[in-house]
Peer 1: 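Below are the structure tokens for one structure; questions will follow.
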2 protein chains.
Amino acid sequence: MAAPAAKLTPTQNSLLLHNRNHLVKPTSTNLPIATATTKPRPISISIKCAATATSPTPTAQPQDLEERVFNFAAGPATLPAHVIKKAQAELYNWGGSGMSVMEMSHRGKEFLSIIQKAEADLRALLNIPENYEVLFLQGGATTQFAAIPLNLVEPEDTVDYLVTGSWGDKAFKEAQKYSKPKVVWSGKAEKYTKIPSFDGLEQSPDAKYLHICGNETIHGVEFKDYPVARNGILVADMSSNFCSKPVDVSKFGLIYAGAQKNVGPSGVTIVIVRKDLVGNAQGITPVMLDYKIHAENKSLYNTPPCFGIYMCGLVFDDLLAQGGLEEVEKKNKKKADLLYNAIDASGGFYRCPVEKSVRSLMNVPFTLEKSDLEAEFIKEAAKEKMVQLKGHRSVGGMRASIYNAMPLAGVEKLVAFMKDFQAKHA
Amino acid sequence: MAAPAAKLTPTQNSLLLHNRNHLVKPTSTNLPIATATTKPRPISISIKCAATATSPTPTAQPQDLEERVFNFAAGPATLPAHVIKKAQAELYNWGGSGMSVMEMSHRGKEFLSIIQKAEADLRALLNIPENYEVLFLQGGATTQFAAIPLNLVEPEDTVDYLVTGSWGDKAFKEAQKYSKPKVVWSGKAEKYTKIPSFDGLEQSPDAKYLHICGNETIHGVEFKDYPVARNGILVADMSSNFCSKPVDVSKFGLIYAGAQKNVGPSGVTIVIVRKDLVGNAQGITPVMLDYKIHAENKSLYNTPPCFGIYMCGLVFDDLLAQGGLEEVEKKNKKKADLLYNAIDASGGFYRCPVEKSVRSLMNVPFTLEKSDLEAEFIKEAAKEKMVQLKGHRSVGGMRASIYNAMPLAGVEKLVAFMKDFQAKHA
């Protein structure tokens, strides 16, 4: 089949360069883009066809990238294009097994190799010490809001919650069923735009743990450093900034995260817990919420969310190939700086309410000075293939979630759009 | 690109006929197989290539089918080949949305259309009455073992469990944490090979519900009819025979099922519950186990397992296209009859321990009279691309799980292999 010569748009060129520089491991089957520049120019594309998509090194082709929108959703969220391509290529027949990952027995050698590699890669990424369990569970962070007190404390025990947003507040409320939680600080009165100084934090003398939400997805407030829990057990919900930057796991008793922001599809929840905290669940704990059961069975007590774990594994592999979380953090900072600078340089046309020192690298909430233009902003952006920019229904305004997999080109396009929109409406 | 002429093997021909007759909706892009017969003959195959797999009507091609094994796993289990092909075709760009289903906000219009169609199709398939909620949850049937007593009764309430296998036993044990369960009958002494007569069943006078496991995956024991619960609330775990035959939902207070046998990948649990039973959860119920929360939020209280729900939706759509569950049951009976007849006609070389009247249409356990040949049987079958035939580790022997998506050709091939193996070793 003869392939037509294709012209690349500036966005495609930018994406190709981005892929080449940051995301795609060089292979002999990559596109011949050595001559690509920022100036659009025709290149010849050779398309190899097969009846089934089993290319061993799938990469996103220019036509594919043109199909894609920039998806600023808060989660489930955009995934790396070439990771989805890889999943697509092997969806029907994984590794010559003659079946899809979705069809594999969770106790068969094929899936065991998948979950074991996923765990090993995650341990490498976060440098997780040996004395921590890594569990792949179901039910989202919301299930962990119950599982944490059920596993870590007794009903009469005091536990501390530092509430910097809606998710921390939900975690606190659920803990009331299984412990005596106290709010040691709440940002609610200031509409969750701050994180307090840790020096003045009055932790309960007898608190069994201190709970924080590492990044508040709705409010865009992110811990840049961490408080030290009075008794040494810091528990963190990292759902929306998991694997977006290096974290010293040894500072935590427990870290948990829903996968559907930075590392995979929804339906997988990752718990990293210090081994000495496992094994003392309250008697009323459902067996599926008992960390001991899952630790003893290597996350295979019952059927795990196999396909989701497989997708997380593909993402972990990709993050390692990028050079690990230090490199990932650099890219995330670059993207976030670009967007926050555009907001701050708009002369008040755009506003981000969050205190500068704790602004999230992942979720960027902003409003328009002329709030009656917000609906038009969202509508016009969608026409330009930038979607899911509406803020959470509880706070309004806009929110751009720019997780690991959001290409720099997506943020660049958004910033260019924002300047254009301002020029039209100033 | 010129396509080579391809010869079809007998198995391919059988599969093609099976697809044509039962699974694939006729489309103009289907293979030209009108002349296919049981006699192998060369046919010319025209392969249409595109840079991305976005064919609106993907079907499994002969080459693809040759790649596939017959997967007799108990779950996760084989899915319809053309359903996986459809998922593969739209994995990168669902319905022109510019994103994968895995990347979609669960509150966006695209995913809402997916989950709403999935629920509507399931309601149509099982003719679910209006006064029942349909919930798409996480955590597997094992999470429901706790959720059911937590939602339906108080801690001091008596509940009855009819235990016909390992799963019913696990459900009973978990219920001890949240209620006063009684075993009204257990098949354990007879190694779970029977179901009792309902006439002589001594239900507790004050039991708030009666729990059964509709099909015991490990032991291959299946209810063909259902007992009437003394107080009218029958609860059934249908994980391994869900949507394999028609069920009169109105006879049940609650039906639950993990998806990973007949209707999708692992990570989705479906609960069908009578509305008047929702809203009375015990105070210690984790919010994620409270049916009321999920019913009020249409399964979107937190982020659901979106991709898994999408896959279930594709399967529901396919089951409807097959003519609904009456047609599906006919096929399942034909497959099971073929296999059980082969076992029973082997003169004792193969044996199925289950009482004939309650043999499962889904899971067929059998042993070899010469048990030292079992390892060889499994090994030789695997060489012939029939995998996962080993019985559950708790019972040994062999088990062939022949769910909805196992083609007749797979059972025919297994039966032929069994006869051949017997001839060699008799």
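Quick note on labels: first sequence line is chain A, next is B, and so on, each numbered from 1.
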Peer 1: Do you know the tightest heavy-atom contact between B/Leu91 and A/Ile84?
Peer 2: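 Here B/Leu91 and A/Ile84 meet closest at O-CG2, 3.8 Å.
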Peer 1: How about A/Glu103 and B/Asn71: does a side-chain donor come under 3.5 Å of a side-chain acceptor?
Peer 2: no
Peer 1: Please state whether the side chain, the backbone, both or neither of B/Tyr178 comes within less than 4.5 Å of a heavy atom of chain A.
Peer 2: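 Only the side chain of B/Tyr178 comes within 4.5 Å of chain A.
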Peer 1: What are the two closest heavy atoms between A/Asn302 and B/Gly140, and how far apart are they?
Peer 2: ND2-CA, 4.1 Å
Peer 1: To the nearest 0.5 Å, how far apart are NZ in B/Lys261 and OG1 in A/Thr303?
Peer 2: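 Those atoms lie 5.5 Å apart.
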Peer 1: Among B/Gln388, B/Glu174, B/Met99, which residue has the highest count of heavy-atom pairs closer than 4.5 Å to chain A?
Peer 2: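 When all of B/Gln388, B/Glu174, B/Met99 are compared, B/Glu174 has the most.
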Peer 1: Just give me the residue among B/Pro265, B/Gly139, B/Gly108, B/Gly267 that pairs up with chain A most often, heavy atom to heavy atom, under 4.5 Å.
Peer 2: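 With the most close heavy-atom pairs to chain A, the winner is B/Gly139.
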Peer 1: With chain A as the partner, which of B/Val101, B/Ile284, B/Leu289 has the greatest number of non-hydrogen pairs under 4.5 Å?
Peer 2: B/Ile284
Peer 1: Return the OG1 to CE distance between A/Thr142 and B/Met288, rounded to the nearest 0.5 Å.
Peer 2: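 Spacing of OG1 (A/Thr142) from CE (B/Met288) equals 6.0 Å.
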Peer 1: Looking at B/Ser266, B/Ala146, B/Cys306, B/Pro305, which makes the most heavy-atom pairs under 4.5 Å with chain A?
Peer 2: B/Ser266
Peer 1: Let me know if B/Lys390 has heavy atoms under 4.5 Å from chain A in its side chain, its backbone, both or neither.
Peer 2: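 Contact with chain A involves no heavy atom of B/Lys390 at all.
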Peer 1: If I measure from the heavy atoms of chain A, does B/Leu137 come under 4.5 Å with its side chain, its backbone, both, or neither?
Peer 2: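 Neither part.
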Peer 1: Which bit of B/Phe145 comes within less than 4.5 Å of chain A, counting heavy atoms only: side chain, backbone, both or neither?
Peer 2: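 The answer is neither part of B/Phe145.
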Peer 1: Without swapping roles, check the side chain of A/Lys177 against the backbone of B/Pro286 for a donor-acceptor pair under 3.5 Å.
Peer 2: no
Peer 1: Among A/Thr285, A/Leu150, A/Val268, who wins on heavy-atom pairs under 4.5 Å with chain B?
Peer 2: A/Thr285
Peer 1: Could you look at A/Val387 and say if it's the side chain, the backbone, both or neither that has a heavy atom under 4.5 Å from chain B?
Peer 2: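 When you check distances to chain B, only side chain atoms of A/Val387 fall under 4.5 Å.
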Peer 1: With distance as the sole test, does B/Ser105 use its side chain to make a donor-acceptor pair with the main-chain N or O of A/Ala73 at under 3.5 Å?
Peer 2: no
Peer 1: With no hydrogens and no angle check, is any side-chain donor or acceptor of B/Glu67 less than 3.5 Å from a backbone partner on A/Gly98?
Peer 2: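 Flag not set: sc B/Glu67 to bb A/Gly98 has no pair under 3.5 Å.
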Peer 1: Supply the atom-to-atom distance A/Gln260 CD to B/His106 NE2, rounded to the nearest 0.5 angstrom.
Peer 2: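 The NE2 atom of B/His106 is 8.0 Å from CD of A/Gln260, to the nearest 0.5 Å.
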Peer 1: Using non-hydrogen atoms only, which part of A/Phe111 is less than 4.5 Å away from chain B: side chain, backbone, both, or neither?
Peer 2: neither
